[in-house]
K.L.:
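Just dropping this structure here.
Below, each value reflects all heavy atoms present in this structure, side chains not excepted, and no hydrogens, waters or symmetry copies. So you know, we letter chains A, B, ... as the sequences are listed, proteins then strands, and number each from 1.
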Amino acid sequence: VFLHNRLIGIYGRCGSVSDACAVFDAIRRKDCYSWHAMITAYARSGNPEAARRVFDQMPVWDVVSWNSILGAFVRAGFLAEAERIFDSMPERNLVSWNSIAAAHAQQGNWLDSKRIFDSMPGRDLVSWNTMIDCYTQNSQLANANMEFDLMPERNLVSWNAILSAYTRDGQVDIAEAIFKEMPQHDLISWTVLLVCFSQNNKLTEAKKVFETMPERDLIAWNALLSANALSGHLEKTSVLFNSMNEKDVVSWTIMVTMFAQNFSLEEALIIFNQMPMRNLVSWTSLISAYAVKGYLSEAKNLFNQLPQKDLVAWNTMLNAYYVNGLMHELKQFFDQIPGKNLISWNAALSAFAAIGHVYQAKKLFETMPERD
RNA sequence: UCCUCUGUAGCUUU
């Protein structure tokens, strides 16, 4: 059982749910570790409903079982359901509280995260680190920084989190200073620094980080690829891409996106058609490629065929109407978007503003649930 | 051997 449970965990982590499931089914005497590992495997694959089916079949539940199913819904971004689970838990520990705090931040409610953080029965290092990340995700650098200063102790995760905060805010010099000041570096620290340079148009420095870092994994390679793609050197980026001996769906999507953003629909399609695996992000990237080249109906067809849609996909399609000048359809589409976020509102608002429909723009501005 | 924190790809800011 011990070995089987480990296997479920390994398969879950590398995204092979079906393999995890096969191992799980083969265990005759399942213990709670088996059940929890299987729930988490489904959670990691983005399938909280499957996770719930496993949860429902368990003979007994403990706090880890509840945390596992809570985590499945948090990870999938289903805040309402996560809250329902949290409220109905017979017992909670710090893990439960940390999860629900992170869930609110994911949906943009960083004030709720802070409220939870302040009212939770205790705090551990993970709580503090979570709080820094809640602020970072919501572009609240000053608050992230304050929390970092206030925390009673820090580990490498805390340092990486604050490094990310400054990176996101575009404060390259401070990020560099933090990198030098931090007590240790791991692969994550190095990659964040690379991304920091990459996202602030410093390709040379980004490359230098890549060469300097003591070890490189696929994420680091993808970050370097992305740095090249962002700089607009299509040819050089393609050479790098072809030289990579390991590629995942992210690597492929970086290429599709690069061609899309440089209006090379044909090349984006060539890459897309060669992709060995695709996900929602790759499809959305292709929709964008069609849209910016004026192929709205193709974009719309792809969108309608998506097996599942997230908010980014909806917003991409919204923008497709805008760049093709179809304001009437845009308005209708906007009204259909479930759970609009600030990006949806800003996109619609700026669309009307850009074409001089001041009245419509003003009306949207006044109706917006939040503004930045 | 199970649950929560940090790194890479897609959407808005004319």
K.L.:
Go through B:C2, B:U6, B:C11 for me and flag the one nearest to the A:S68 side chain.
P.N.:
B:C2

K.L.:
A:V192 has a side chain; which of B:C2, B:G7, B:C3 sits nearest to it?
P.N.:
B:G7

K.L.:
Roughly how many Å is it from CG in A:L3 to C1' in B:U1, rounded to a whole number?
P.N.:
9 Å

K.L.:
Categorize A:D217 for me: base, sugar-phosphate, or nothing, with a 4.0 angstrom heavy-atom threshold over every strand shown.
P.N.:
base

K.L.:
With centres under 5.5 Å and planes under 30°, do A:F2 and B:U1 count as stacked?
P.N.:
no

K.L.:
CG of A:N222 versus C1' of B:A9: gap in Å, rounded?
P.N.:
8 Å

K.L.:
To the nearest angstrom, how far is A:K309 atom NZ from B:G10 atom P?
P.N.:
21 Å

K.L.:
When the distance from CG of A:N67 to P of B:C2 is rounded to whole Å, what number comes out?
P.N.:
14 Å

K.L.:
Output yes when A:R53 and A:E49 qualify as a salt bridge under the 4.0 Å nitrogen-oxygen rule, no when they do not.
P.N.:
no

K.L.:
Round to the nearest Å and state the distance from A:W128 atom CH2 to B:C5 atom P.
P.N.:
18 Å

K.L.:
Rounded to the nearest 0.5 Å, what separation is found between the CG atom of A:D186 and the CG atom of A:N160?
P.N.:
5.0 Å

K.L.:
Regarding A:T253, tell me which of base, sugar-phosphate or nothing describes its non-hydrogen contacts under 4.0 Å with the strands shown.
P.N.:
base

K.L.:
Could you tell me whether A:K247 sits above the aromatic face of A:F241, with NZ or CZ closer than 6.0 angstrom to the six-membered ring centre and within 45 degrees of the axis?
P.N.:
yes

K.L.:
Nearest to the side chain of A:V250 - B:C11, B:A9, B:C2?
P.N.:
B:A9

K.L.:
With a 4.0 Å cut-off on heavy atoms, is A:L187 in touch with a base, just the backbone sugar-phosphate, or nothing at all?
P.N.:
base

K.L.:
Tell me which one of A:E81, A:H36, A:R52 satisfies side-chain contact (heavy atoms from CB on, under 4.5 Å) with A:I69.
P.N.:
A:R52

K.L.:
Using whole Å, what does the distance between atom P of nucleotide B:U12 and atom OH of A:Y321 come to?
P.N.:
16 Å

K.L.:
Please give, in whole Å, the distance from B:U8 P to A:R168 CZ?
P.N.:
10 Å

K.L.:
Using a distance-only criterion (donor-acceptor N/O pair, under 3.5 Å, no hydrogens), is the base of B:G10 paired with the side chain of A:S285?
P.N.:
no

K.L.:
What about A:N346: does its side chain form a donor-acceptor pair under 3.5 Å with the base of B:U13?
P.N.:
no

K.L.:
Of the candidate nucleotides B:A9, B:C2, B:U4, which contains the atom at the shortest distance from the side chain of A:A37?
P.N.:
B:C2

K.L.:
Is there, by distance only and without an angle test, a donor paired with an acceptor across the side chain of A:D248 and the base of B:A9 below 3.5 Å?
P.N.:
no

K.L.:
Considering every strand and a 4.0 Å limit on heavy-atom distances, what is the contact class for A:A223: base, sugar-phosphate, or nothing?
P.N.:
sugar-phosphate

K.L.:
Choose from B:A9, B:U12, B:G10 the nucleotide whose nearest atom is closest to any side-chain atom of A:S350.
P.N.:
B:U12

K.L.:
OP1 or OP2 of B:G7 versus the side-chain N and O atoms of A:Q137: is any pair under 4.0 Å?
P.N.:
no

K.L.:
Please check if any side-chain donor atom of A:N143 sits under 3.5 Å from a side-chain acceptor atom of A:E147, or the reverse.
P.N.:
no

K.L.:
If you only use heavy atoms from C-beta on, which nucleotide in B:U8, B:U6, B:U4 is closest to the side chain of A:V126?
P.N.:
B:U4

K.L.:
Can you find a side chain N or O atom of A:R44 that sits less than 4.0 Å from OP1 or OP2 on B:C2?
P.N.:
no

K.L.:
When you check the side-chain N and O atoms of A:S158 and A:N155, is any donor under 3.5 Å from an acceptor?
P.N.:
yes

K.L.:
Side chains of A:D31 and A:S34 only: does a donor on one sit below 3.5 Å from an acceptor on the other?
P.N.:
yes

K.L.:
So, is A:N98 near the phosphate of B:C5, with a side-chain N or O under 4.0 Å from OP1 or OP2?
P.N.:
no

K.L.:
Nearest to the A:I254 side chain among B:C2, B:U8, B:G7, which nucleotide is it?
P.N.:
B:U8

K.L.:
Select base, sugar-phosphate, or nothing to describe what A:N279 touches, counting heavy atoms under 4.0 Å on all strands.
P.N.:
base

K.L.:
B:G7 base to A:D186 side chain: any donor-acceptor pair below 3.5 Å?
P.N.:
no

K.L.:
Under 4.0 Å from OP1 or OP2 of B:U8: is there any side-chain N or O of A:R216 that close?
P.N.:
no

K.L.:
Of the options B:U12, B:U8, B:U14, whose atoms approach the side-chain atoms of A:A354 most closely?
P.N.:
B:U14

K.L.:
Side chain of A:L280 only, please: which of B:C2, B:A9, B:G10 is the nearest?
P.N.:
B:G10

K.L.:
To the nearest Å, how far apart are A:K30 NZ and B:C2 P?
P.N.:
18 Å

K.L.:
With the side chain of A:V195 defined as its heavy atoms from C-beta on, choose the nearest nucleotide among B:G7, B:C3, B:C11.
P.N.:
B:G7

